[in-house]
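Okay, structure first, notes after.
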Amino acid sequence: MKKEYLTVENIVGPLMLVQYVGGVSFAEIAEIIIPGGGIRQGQVLEVQEDKALVQVFQGTSGLTPGEVRVKFLGKGLQLGVSRDIVGRMFDGFGRTIDGGPAIIPEKYVDVNGVPINPEARDYPTEFIQTGVSTIDVLNTLVRGQKLPIFSGAGLPHSRLAAQIARQAKVLKTGEQFAVVFAAMGITFEEAHFFMREFEKTGALERAVLFINLASDPPIERIAVPRMALTAAEYLAYECGMHILVILTDMTNYCEALREISAARKEVPSRRGYPGYLYTDLSTIYERAGRIKGKSGSITQMPILTMPEDDKTHPIPDLTGYITEGQIILSRPIHTEGIYPPVDVLPSLSRLKDKGIGAGKTREDHSGVMNQLYAAYAKGKSAKEIAVVLGESALTEMDLLYVKFSDMFEKEFINQGEGENRDITTSLSIGWKLLGMLPASELKRIKEEYIRKYYPNKQL
């Protein structure tokens, strides 16, 4: 029988200070018993000597020190897991919200997880097809990788997230693949969009959804990615599945972290965020990867909106340090009506070379990727020269590259929201565009591949 404490000293915002406690540990779950029989839940944020600081999940409205009792449960926040979680929707605390039957757990798992021993990690080497050309060809996603999407307010990152969740798959036949999708601090309209998209397309059958609304408590927002990753770890490492985890929007997560830090009166760091923001983000991002001897894997695609489109803001800045690259969405490209508005030149997947080539995608992939990137960069540079000096300053070859860059944006970057391009189709579009250039310009592709795939056979 757990002790009940009547020693609440102070209540400020969502925080409650309980004194004269014993045997209480950090992150332990507490029950707050209200006069009249109501119960709220909370989590221990800090323990000092005989005092415990508790964050109340449902808020402290109507609570008065001396009238409430607090019982510490001796365990952290847990998620009940089983194979039946696939195809279901949950809130930030792991409670079903889809109207279906309750999950009968095989086990309960602490959502904070256990760090993966670096020695036990296996290197990411296998291609994941998203059906999006700019990702599959130029910024290839590799199984076990962490590849974030940097977006801005008003850009279609939600639509892109839903498209990737619908279309993503591993190319090996017979492999079990599922998506764990976690949405944090989104509006009811966005939540309805995601639920409708997953149900309408049938993607829900191979997905696990965790939905947290902007009106939900900040502490729940903190729990969402950990709930999602706990579900992913169970499906990957115990059920042998390949899991793609999509986390949107990590900016809302960090804002909740800042709000809780301010309530605790912690000394702020850059832009008011807590000094441990880097460490906290790493406890989320580093829960991706492959483990030697296990067939399953976790691949992460965190999505974050950069405040004021600023790449040097603490959230994208620290995320870039921890993850293996970034895909950047561009506002100027979006205003041209191009979807998805991926800014190819500053985007990067640091592990792309590990997941492409013969037996993985196609033998010409690396050369086509490098040539497309170089030709597009040259065309954009020629455009900038024309803005300053006029089009008359460009050579015939410069004009050809300008035309190439325009067609590249219209035909390669631009694709329908429901258009699922396999890697062969994406590479074929790339070759079609490269056919606009003389074969002598294709210096980054092996001659044998030019002879095989170059569309203009009059070399």
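All values derive from a computational prediction rather than experimental measurement. Numbering starts at 1 and runs along the sequence shown.
In plain terms, the two heavy atoms of Glu259 and Pro218 that are nearest each other are OE2-CG, 3.3 Å. Gly94 and Leu79 make their closest contact through CA-CD1, 3.9 Å (heavy atoms, listed as atom of the first residue, atom of the second, distance). Closest non-hydrogen pair, Ser405 versus Lys383, comes out as OG-CE, 3.7 Å. The shortest non-hydrogen separation linking Ala168 to Leu244 is CB-CD2, 3.6 Å. Across all their heavy atoms, Leu77 and Ala223 have their closest contact at CD2-CB, 3.7 Å. The nearest pair of heavy atoms linking Ile85 to Ala231 is CD1-CB, 3.7 Å.
Aromatic ring centroids of Phe181 and Phe194 lie under 6.0 Å apart.
Using a cut-off of 4.0 Å between Lys/Arg side-chain N and Asp/Glu carboxylate O, Glu119 and Arg121 are scored as not salt-bridged. Between Glu447 and Arg451, at least one side-chain nitrogen of the basic residue sits less than 4.0 Å from a carboxylate oxygen of the acidic one, meeting the salt-bridge criterion. Checked for salt-bridge contact, Arg221 and Asp216 miss the test: no charged N lies under 4.0 Å from a carboxylate O. Under 4.0 Å is where a charged nitrogen must lie from a carboxylate oxygen, and between Glu411 and Lys432 at least one such pair does. Ionic pairing of Glu126 and Lys360 is not present here: no N-O contact between side-chain nitrogen and carboxylate oxygen is shorter than 4.0 angstrom. The pair Asp310-Arg271 meets the salt-bridge criterion, with a side-chain N (NZ, NE, NH1 or NH2) lying under 4.0 Å from an Asp/Glu carboxylate O.
For the pair Arg290 and Tyr123, the cation-pi criterion (under 6.0 Å, within 45° of the ring axis) is not fulfilled.
The residue from Asn420, Asp136, Thr140, Asn139 that alone fulfils the side-chain hydrogen bond (donor to acceptor under 3.5 Å, both in side chains) condition with Thr130 is Asp136. Screening Tyr453, Phe412, Tyr449 against Trp431 for a ring pair (Phe, Tyr, Trp, His ring centres under 6.0 Å) leaves a single residue, Tyr453.
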Check against salt bridge (Lys or Arg N to Asp or Glu O under 4.0 Å), Arg159 and Glu190: CA-CA 10 Å; Arg159 290 160 54 196; Glu190 286 178 299; over 6 Å; no
CA sep, side-chain torsions, deciding dist, call: Arg362, Thr424, side chain to side chain contact (heavy atoms under 4.5 Å, CB included): CA-CA 8 Å; Arg362 207 168 73 181; Thr424 303; 3.7 Å; yes
Pair Asp122-Lys292, salt bridge (Lys or Arg N to Asp or Glu O under 4.0 Å): steps then yes or no: CA-CA 5 Å; Asp122 209 354; Lys292 294 173 184 175; 6.0 Å; no
Asp280 and Tyr253: CA distance, side-chain angles, deciding distance, side-chain hydrogen bond (donor to acceptor under 3.5 Å, both in side chains) verdict: CA-CA 11 Å; Asp280 192 277; Tyr253 170 86; 2.3 Å; yes
Lys107/Glu238 under salt bridge (Lys or Arg N to Asp or Glu O under 4.0 Å): CA gap, chis, key distance, verdict: CA-CA 12 Å; Lys107 58 191 287 192; Glu238 297 193 32; 2.9 Å; yes
Candidate pair Arg270 and Asp317, rule side chain to side chain contact (heavy atoms under 4.5 Å, CB included), full reasoning: CA-CA 11 Å; Arg270 293 168 59 192; Asp317 186 31; 3.2 Å; yes
Steps toward salt bridge (Lys or Arg N to Asp or Glu O under 4.0 Å) verdict (Lys410, Glu336): CA-CA 10 Å; Lys410 291 176 183 175; Glu336 293 174 17; over 6 Å; no
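Residue Glu417 places its CD atom among more than 12 non-hydrogen atoms of other residues, nucleotides or ligands, all under 6.0 Å distant. Residue Arg444 qualifies as open at atom CZ: its count of foreign heavy atoms under 6.0 Å is 12 or below. Shown here is Tyr276, whose OH atom has more than 12 heavy atoms of other residues, nucleotides or ligands within 6.0 Å. Atom CD of Glu308 is surrounded by 12 or fewer heavy atoms from other residues, nucleotides or ligands within 6.0 Å. Residue-environment remark: CD (Glu205) stays at or below the threshold of 12 foreign heavy atoms within 6.0 Å.
The side-chain heavy atoms of Ser261 and Leu257, taken from C-beta on, include no pair separated by under 4.5 Å. Taking the side chain as every heavy atom from C-beta outward, His334 and Tyr339 never approach each other to under 4.5 Å. At least one side-chain heavy atom of Gln415 sits under 4.5 Å from a side-chain heavy atom of Val132. Looking at heavy atoms from C-beta onward, Met306 lies out of side-chain contact with Ile315 at the 4.5 angstrom threshold. Val109 places none of its side-chain heavy atoms less than 4.5 Å from the side chain of Val111.
Between the side chains of Glu324 and Tyr285, no donor-acceptor pair is found at a separation under 3.5 Å. Arg226 and Thr283 share a side-chain donor-acceptor pair at under 3.5 Å. A donor-acceptor contact under 3.5 angstrom links the side chains of Asp249 and Thr305, judged on distance only. Counted by atom type alone, Gln145 and Ser349 present one or more donor-acceptor pairs between their side chains at under 3.5 Å. For Ser297 and Arg143, the side-chain atoms include at least one donor-acceptor pair closer than 3.5 Å. Between the side chains of Thr230 and Arg287, at least one donor N or O sits under 3.5 Å from an acceptor N or O.
Qualifying ring-ring contact (aromatic ring centres under 6.0 Å, His included) partners for Tyr376, counting only residues two or more places apart in sequence or in other chains: Phe408.
Screening residues 306-332 for ring pair (Phe, Tyr, Trp, His ring centres under 6.0 Å) gives Tyr273-His313 as the qualifying pairs, with residues at least two apart or on separate chains.
Side-chain atoms of Gln163 do not come within 3.5 Å of backbone N or O of Leu160 as any donor-acceptor pair. With hydrogens and angles ignored, the 3.5 Å screen pairs no side-chain donor or acceptor of Thr96 with any backbone N or O of Ala102. Checking side-chain atoms of Glu409 against main-chain N and O of Pro341 turns up no donor-acceptor pair under 3.5 Å.
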